[in-house]
Amino acid sequence: MRPFHLLLPFLIAAPAVAQPVTVDMGSCQFSNGVHPTFDVRFEGTDARTVEAFWKTELKAISTAVTNKKELIGVAARIPAVSPDTLRLLVKAEQPKGTTTVTAHVAILTTNGFVGPDAPERELTASQAYVQQRSVALQRQLAQAALEKGERDLGRLKGELDMLVREKARAENTIAKTKEKDEQAAKDKEVTDQELAKLGPELEAMQQEQAATPTEEGAKELKGRQKDQVKLQDRSRRLAESSVSAKKKVTDLEWRIKKNLEDQALKQQAVEKQQGVVEELRNKLASIR
């Protein structure tokens with residue numbers, strides 16, 4: 001048997017920032033027995049995703065694919081491995097409660113299952129095939145993670161933009177409310193002045209009517225008394241409006257203060273997610 005370290009020439013050498021795809025020799029229990037396998041471990045995914053990828057890959061090179069206890073590619077062709085048809089068995093194992101998945105790939109040629117004692121050509125080409133496809137899967141996983149990260153970043157930016165627009169609307173409402181309150185104060189002042197003038201006028205009319213009552217005088221007095229009630233009601237409503245306006249301004253000012261706090265937190269979240277997205281981009285670019 002050749003030394004184990006000489007059997008694995010296809011481990012990826014990459015810079016520290018790269019995400020190497022490592023193909024290890026191992027073994028796995030399949031439905032028809034234990035066979036030597038090429039094993040690749042993936043992080044941040046699940047067995048279903050890994051199996052779905054390999055099912056697609058097997059369909060591309062096999063005449064049929066079964067999926068009972070494991071994936072089996074029947075009459076598969078990988079010319080680099082063998083000029084004859086092959087059988088590939090694939091099983092994805094995921095320890096409970098983790099996002100780590102190990103893909104076990106067994107390749108059966110006319111010489112038997114490819115393992116450490118297989119002919120050099122078969123062993124080297126099998127490793128290369130598993131590695132190439134695993135790199136493709138790793139890129140798919142990294143691309144999916146990047147797209148999700150970008151969506152999350154877009155959502156956070158949208159939420160921040162919404163906060164900015166809400167603050168602007170609140171400030172605009174405050175300005176309009178204060179403007180209306182100022183106008184209401186002026187209107188109340190005019191109304192109160194009219195009431196102040198009307199008071200002595202009514203008193204004089206009442207005295208005159210008491211001294212020399214007439215039907216016309218009574219009618220005129222009643223009309224002016226109605227005017228007084230209307231002015232009093234208007235003055236009261238303007239006062240209530242002023243109180244309501246001041247409360248509205250106070251509430252909006254508190255909301256703006258809270259909004260600014262939320263904006264600061266959301267901005268931090270955006271910056272953090274920008275870092276995550278940049279890291280995911282670098283991870284994707286480093287996969288070779």
Side-chain angles (χ1 to χ4, degrees), residues 4-5 7-8 10-12 14 16-62 64-74 76 86-108 113-116 126-153 155-156 269 272-273 275-284 286-288:
F4 181 72
H5 70 278
L7 297 177
L8 301 174
F10 285 93
L11 301 186
I12 295 179
V17 295
Q19 302 294 320
V21 175
T22 304
V23 180
D24 297 314
M25 292 299 299
S27 62
C28 181
Q29 175 72 56
F30 293 95
S31 58
N32 62 351
V34 178
H35 306 304
T37 55
F38 298 93
D39 297 341
V40 182
R41 191 170 72 174
F42 300 93
E43 300 290 346
T45 186
D46 55 63
R48 180 180 297 181
T49 299
V50 174
E51 287 178 351
F53 171 85
W54 273 104
K55 187 174 183 178
T56 300
E57 293 300 314
L58 293 181
K59 283 183 176 180
I61 63 171
S62 309
V65 177
T66 63
N67 183 14
K68 293 183 180 180
K69 292 185 178 180
E70 64 265 331
L71 285 170
I72 300 177
V74 180
L86 311 168
R87 178 170 290 236
L88 275 74
L89 288 72
V90 179
K91 180 184 284 188
E93 292 186 329
Q94 180 178 13
K96 189 175 181 180
T98 72
T99 57
T100 299
V101 180
T102 300
H104 304 282
V105 183
I107 300 178
L108 177 63
F113 281 96
V114 179
S126 295
Q127 276 188 297
Y129 171 75
V130 173
Q131 180 180 311
Q132 289 165 0
R133 304 329 303 148
S134 296
V135 167
L137 173 54
Q138 192 81 303
R139 287 189 64 81
Q140 280 189 19
L141 295 173
Q143 181 65 43
L146 174 58
E147 289 172 359
K148 181 181 182 303
E150 289 174 335
R151 287 195 301 272
D152 290 343
L153 177 58
R155 174 180 55 77
L156 289 170
K272 181 178 180 181
Q273 188 62 21
V276 169
V277 168
E278 186 61 27
E279 184 178 340
L280 289 170
R281 285 199 186 104
N282 292 337
K283 180 178 179 179
L284 176 59
S286 71
I287 297 173
R288 298 288 186 272

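Keep in mind that this is a model prediction, so the values were computed, not measured.
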> Would you say Arg41 has more than 12 foreign heavy atoms packed within less than 6.0 Å of its CZ?
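12 or below, so no.
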> With rounding to the nearest 0.5 angstrom, report the CD1 to OG1 distance, Ile72 to Thr66.
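So the gap between those two atoms works out to 4.0 Å.
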> Decide yes or no on side chain to side chain contact (heavy atoms under 4.5 Å, CB included) for Leu71 and Lys91, but give the supporting numbers first.
CA-CA 6 Å; Leu71 285 170; Lys91 180 184 284 188; over 6 Å; no
> Between CZ of Phe113 and CD1 of Ile107, what distance do you get to the nearest 0.5 Å?
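The CD1 atom of Ile107 is 10.5 Å from CZ of Phe113, to the nearest 0.5 Å.
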> Check whether any side-chain heavy atom of Lys69 lies under 4.5 Å from a side-chain heavy atom of Phe30, and answer yes or no.
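Counting from C-beta outward, Lys69 and Phe30 never come under 4.5 Å.
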> Where do Val105 and Thr37 land on the side chain to side chain contact (heavy atoms under 4.5 Å, CB included) test, with the steps shown first?
CA-CA 5 Å; Val105 183; Thr37 55; 5.8 Å; no
> What is the distance from atom CG of Asp46 to atom CD of Glu51, rounded to the nearest 0.5 Å?
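Those atoms lie 9.0 Å apart.
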> Give me the one residue out of Asn282, Val276, Leu141, Leu280 that meets side-chain contact (heavy atoms from CB on, under 4.5 Å) with Leu146.
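Per the side-chain contact (heavy atoms from CB on, under 4.5 Å) rule, the option paired with Leu146 is Leu280, out of Asn282, Val276, Leu141, Leu280.
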> Check Ala47 against Val101 and note the closest heavy-atom contact, atom names and distance.
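In terms of heavy atoms, the two residues are closest at N-CG2, 3.5 Å.
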> Would a 4.5 Å heavy-atom cut-off, applied to side chains only, mark Arg133 and Leu137 as touching?
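Side chain of Arg133 against side chain of Leu137, heavy atoms only: no contact under 4.5 Å found.
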> What's the separation between atom OG in Ser134 and atom CD in Gln127, rounded to the nearest 0.5 Å?
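CD of Gln127 is found 11.0 Å from OG of Ser134.
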> Yes or no on side chain to side chain contact (heavy atoms under 4.5 Å, CB included) for Glu150 and Arg281, after CA distance, side-chain angles and deciding distance?
CA-CA 10 Å; Glu150 289 174 335; Arg281 285 199 186 104; 3.3 Å; yes
> Which atoms form the tightest heavy-atom contact between Gly149 and Gln273, and what is the distance?
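In terms of heavy atoms, the two residues are closest at O-NE2, 3.1 Å.
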> Which value, rounded to the nearest 0.5 Å, describes the distance between Thr99 atom OG1 and Gln94 atom CD?
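With rounding to 0.5 Å, OG1 (Thr99) is 7.5 Å from CD (Gln94).
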> Any sub-3.5 Å donor-acceptor pair from Glu70's side-chain atoms to Ser31's backbone N or O?
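Such a contact is found between Glu70 side chain and Ser31 backbone.
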> If you compare all heavy atoms of Leu58 against all heavy atoms of Gly73, which two are closest, and at what distance to 0.1 Å?
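What the structure gives for the nearest pair is CD1-N, 3.9 Å.
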> For a quick test of reading the model, state the closest non-hydrogen atom pair linking Ser27 to His104 and the distance between them.
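Closest approach of Ser27 to His104: O-ND1, 4.4 Å.
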> Between Thr45 and Phe53, is any pair of side-chain heavy atoms under 4.5 Å apart?
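Result no, sub-4.5 Å side-chain heavy-atom pair not found.
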> Can you name the closest pair of heavy atoms from Val23 and Val130 and give their distance?
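Reported closest heavy-atom pair: CG1-CG1, 4.3 Å.
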> For Pro36 and Gly115, work out which heavy atoms get closest and say how close.
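Scanning both residues, the minimum pair turns out to be CB-CA, 4.0 Å.
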> Using 0.5 Å steps for rounding, measure from the CG atom of Leu88 to the CG atom of Leu108.
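Output value for this atom pair is 9.0 Å.
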> Can you sort out the partners of Glu147 under side chain to side chain donor-acceptor pair (under 3.5 Å), two or more places apart, ordered by chain and number?
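Per chain and number, Glu147 pairs via side chain to side chain donor-acceptor pair (under 3.5 Å) with Gln143.
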